[in-house]
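For reference, the structure discussed in these notes is given below.
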Amino acid sequence: MLLALQTIKPLVGNPFITRLNEGGPLFMYTNLFLLIVILALLTTGFVKPTTREKIITLVSSISLFALVWGFLGQMIGLIEAFDAIEAMGDISPAMLAGGLKVAILSPLFGMFVFLIARVGIIILNILKK
């Protein structure tokens with residue numbers, strides 16, 4: 001039990017986990033799950049050449065969903081931020097900059113997932129020929 005707690009403890013201070021939580025857990029962890037699914041599908045495409053065409057189509061659809069999901073997270077985050085600004089009235093530029101930084105994390109991660117998937121699709125298309 002103690003060993004399990006020791007392995008979990010480093011995750012708490014991990015900057016990657018902190019960024020995932022900062023950017024909105026619903027959108028960030030969903031995109032993380034989609035990244036893992038995409039990597040698994042791309043690995044299957046490399047191993048099983050007969051399924052490449054279906055995998056390319058599936059990865060393409062999932063990657064586009066991840067990109068749009070990230071931008072949806074940004075829009076919802078910005079709406080919430082502007083509601084908070086409206087309620088508070090006058091805010092400092094530092095607070096506004098911090099809010100905008102957080103709003104950018106979700107689409108940035110969505111773009112990262114999209115780019116990883118696109119690179120995998122390009123490689124699968126090269127191997128297909």
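Numbering of residues begins at 1 and proceeds along the displayed sequence.
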Same cluster for Met28 and Ile36 if Ile/Leu/Val/Met/Phe/Trp/Tyr side chains link at under 4.5 Å? yes
Please round to the nearest 0.5 Å and tell me the distance separating atom CG of Leu105 and atom CG of Leu100. 11.0 Å
What is the minimum heavy-atom distance between Leu26 and Trp69, and which atoms define it? O-NE1, 3.8 Å
Please report the interatomic distance OG(Ser63) to CD1(Ile116), rounded to the nearest 0.5 Å. 11.0 Å
What are the two closest heavy atoms between Tyr29 and Asn21, and how far apart are they? OH-OD1, 3.0 Å
For Lys128, look at atom NZ and say whether over 12 heavy atoms of other residues, nucleotides or ligands are found less than 6.0 Å away. yes
Would you say Ile123 and Val113 are hydrophobically clustered, going by side-chain heavy atoms of ILVMFWY under 4.5 Å? yes
Can you tell me how far the OG1 atom of Thr43 sits from the CZ atom of Phe46, to the nearest 0.5 Å? 7.0 Å
Counting neighbours of CE on Met75 that are heavy atoms of other residues, nucleotides or ligands and sit closer than 6.0 Å, is the number greater than 12? yes
Atom pair CG/OG1 of Leu41 and Thr51 - distance to nearest 0.5 Å: 9.0 Å
Beyond-backbone contact of Ser60 with Arg118, side-chain heavy atoms, under 4.5 angstrom: yes
Consider only side-chain heavy atoms of I, L, V, M, F, W and Y, link residues closer than 4.5 Å, and tell whether Leu58 and Leu67 are in one cluster. no
Same apolar cluster: Val119 and Leu124, side chain cutoff 4.5 Å: yes
Roughly how far apart are Asn31 CG and Ser106 OG, rounded to 0.5 Å? 6.0 Å
Identified side-chain contact (heavy atoms from CB on, under 4.5 Å) counterpart of Phe33 within the set Val37, Thr30, Leu35: Val37
Rounded to the nearest 0.5 Å, how far does CZ of Arg52 lie from CD1 of Ile121? 13.5 Å
Under a single-linkage definition using a 4.5 Å side-chain heavy-atom cutoff for Ile, Leu, Val, Met, Phe, Trp and Tyr, are Phe112 and Val102 assigned to the same hydrophobic cluster? no
Heavy-atom closest pair (Leu20 atom, Phe109 atom, distance to 0.1 Å) is CD2-CE2, 4.2 Å
